[in-house]
Number of protein chains: 2
Amino acid sequence: MNIRHVPPGGGESPCHYRRALEIVSTKWTVLVFYELEFGKKRYSELKRRIEGVTQKMLTQTLRQLERDGLVKREVYPTVPPTVEYELTPLGMTLIEPMRALHQWTEAHYDAVLRAREAYDDEGLRSPD
Amino acid sequence: MNIRHVPPGGGESPCHYRRALEIVSTKWTVLVFYELEFGKKRYSELKRRIEGVTQKMLTQTLRQLERDGLVKREVYPTVPPTVEYELTPLGMTLIEPMRALHQWTEAHYDAVLRAREAYDDEGLRSPD
DNA sequence: CCGAATCCGTTCCGATACTG
DNA sequence: CAGTATCGGAACGGATTCGG
């Protein structure tokens with residue numbers, strides 16, 4: 001398999017990587033994933049655990065993941081409604097790649113912050 | 001190291017993974033990365049190879065990557081200006097995680113598309 | 001050749017109110 | 001409890017114009 005999305009010749013490629021990126025492009029998607037990685041959870045529990053998410057964004061994110069076949073939604077007809085979400089087998093295959101990204105963050109995010117400071121300081125100096 | 005960003009106890013965590021995600025959150029970021037993975041390239045070459053990118057977005061993406069210390073920008077004072085971009089050592093450490101995500105795409109994107117079709121078809125059926 | 005600056009339509013997202 | 005509906009501001013992103 002080749003990583004190139006455009007062959008050296010300069011021709012077109014049907015690589016849909018760009019489209020696929022949208023699957024995990026939002027921050028909420030990732031956070032939902034890290035919650036469900038440990039097993040099924042109820043809607044309210046997700047909402048409680050994912051700091052700062054609105055019910056609109058949480059629902060929207062879950063719907064999208066369900067549509068993409070990454071998350072399974074299960075409704076129990078109890079008197080107060082109960083809805084549980086869990087990763088599908090397909091969804092579980094995404095855990096590893098996301099874990100790799102997460103580990104990169106843990107290892108290098110400080111360096112990024114330092115780079116930003118250096119870059120911003122540089123801009124302040126008058127070039128004389 | 002633990003992947004959990006919120007401990008089971010329910011306490012807060014200073015995990016900045018959300019912020020870090022923004023580094024690679026745009027589609028252009030990823031495409032630029034896959035170009036520079038093979039060595040330094042000129043601005044015009046990047047623009048030519050990355051189908052559909054506007055100069056605004058390309059410049060904006062490159063500036064951001066430069067600020068984050070992932071890409072190095074080199075200006076040659078030639079008569080027509082020449083600017084080359086290349087990954088920094090820090091930037092190169094991101095290649096592997098992104099490759100993992102890319103490989104996931106190659107392997108499972110078809111399944112996602114099928115899941116979408118199934119989901120959408122389901123919605124068309126009147127629940128009766 | 002490389003890029004900044006502006007305008008402007010579209011999309012995103014939070015806040016709020018309402019439902020089974 | 002688990003959503004849906006609507007509104008409005010903010011941010012994104014494309015097209016265009018101008019500058020070194």
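Keep in mind it's a predicted model, so treat the numbers as computed, not measured. Numbers restart at 1 for each chain; the letters A, B, ... are given by sequence-line order, proteins then strands. Values reported hereafter were calculated over all heavy atoms of this structure, with side chains retained and with hydrogens, waters and symmetry mates removed.
Here B:Tyr76 lies out of heavy-atom contact (under 4.0 Å) with every strand. Looking at heavy-atom distances under 4.0 Å, A:Arg48 makes no contact with the nucleic acid at all.
You'll find the side chain of A:Leu31 stays beyond 4.5 Å of the side chain of A:Glu35, heavy atoms only.
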Footprint string (nucleotides 15-20 of chain D, 5' to 3'): B base within contact, S backbone only, - free, heavy atoms under 4.0 Å: BB---B
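Partners of A:Glu45 by side-chain hydrogen bond (donor to acceptor under 3.5 Å, both in side chains), not counting sequence neighbours: none found. With sequence neighbours left out, B:Val75 forms a side-chain contact (heavy atoms from CB on, under 4.5 Å) with B:Arg73, B:Val83. With sequence neighbours excluded, no residue forms a side-chain hydrogen bond (donor to acceptor under 3.5 Å, both in side chains) with B:Thr61. In this view, B:Glu117 satisfies the side-chain contact (heavy atoms from CB on, under 4.5 Å) rule with no residue, not counting sequence neighbours. Residues satisfying the salt bridge (charged side-chain N to carboxylate O under 4.0 Å, His left out) test with A:Glu66, not counting sequence neighbours, are none. A:Thr82 meets the side-chain hydrogen bond (donor to acceptor under 3.5 Å, both in side chains) test with A:Thr78; sequence neighbours excluded. With sequence neighbours excluded, no residue satisfies side-chain contact (heavy atoms from CB on, under 4.5 Å) with A:Ala107.
In this model, the phosphate group of D:dA2 is approached by a side-chain N or O of A:Arg42 to a distance below 4.0 Å at OP1 or OP2.
Every pair passing side-chain hydrogen bond (donor to acceptor under 3.5 Å, both in side chains) that includes a residue from residues 86-98 of chain B is listed here, sequence neighbours excluded: A:Trp104-B:Thr93, B:Glu96-B:Arg99.
Of all heavy-atom pairs spanning A:Tyr43 and A:Leu62, the tightest one is CD1-CD1, 3.9 Å. When all heavy atoms of A:Val30 and A:Met98 are compared, the closest pair comes out as CG1-CE, 3.4 Å.
For DNA chain C, the contact window with chain A, defined by any atom under 4.0 Å from a protein heavy atom, covers C:dC13 to C:dG20 in 5' to 3' order.
Scanning residues 57-66 of chain A for heavy-atom distances under 4.0 Å to DNA chain C yields A:Met57.
Counting only distance, with no hydrogens or angles, the side chain of A:Tyr119 and the backbone of B:Arg63 share no donor-acceptor pair below 3.5 Å.
Taking five base pairs at each end of the helix from C:dC1-D:dG20 to C:dG20-D:dC1 and finding the rotation axis that steps the C1' atoms of four pairs onto the next four gives two axes whose angle is 40°, to the nearest 10°.
Screening A:Lys41, A:Lys40, A:Arg42, A:Lys72 for a salt bridge (charged side-chain N to carboxylate O under 4.0 Å, His left out) involving A:Glu84 leaves a single residue, A:Lys40.
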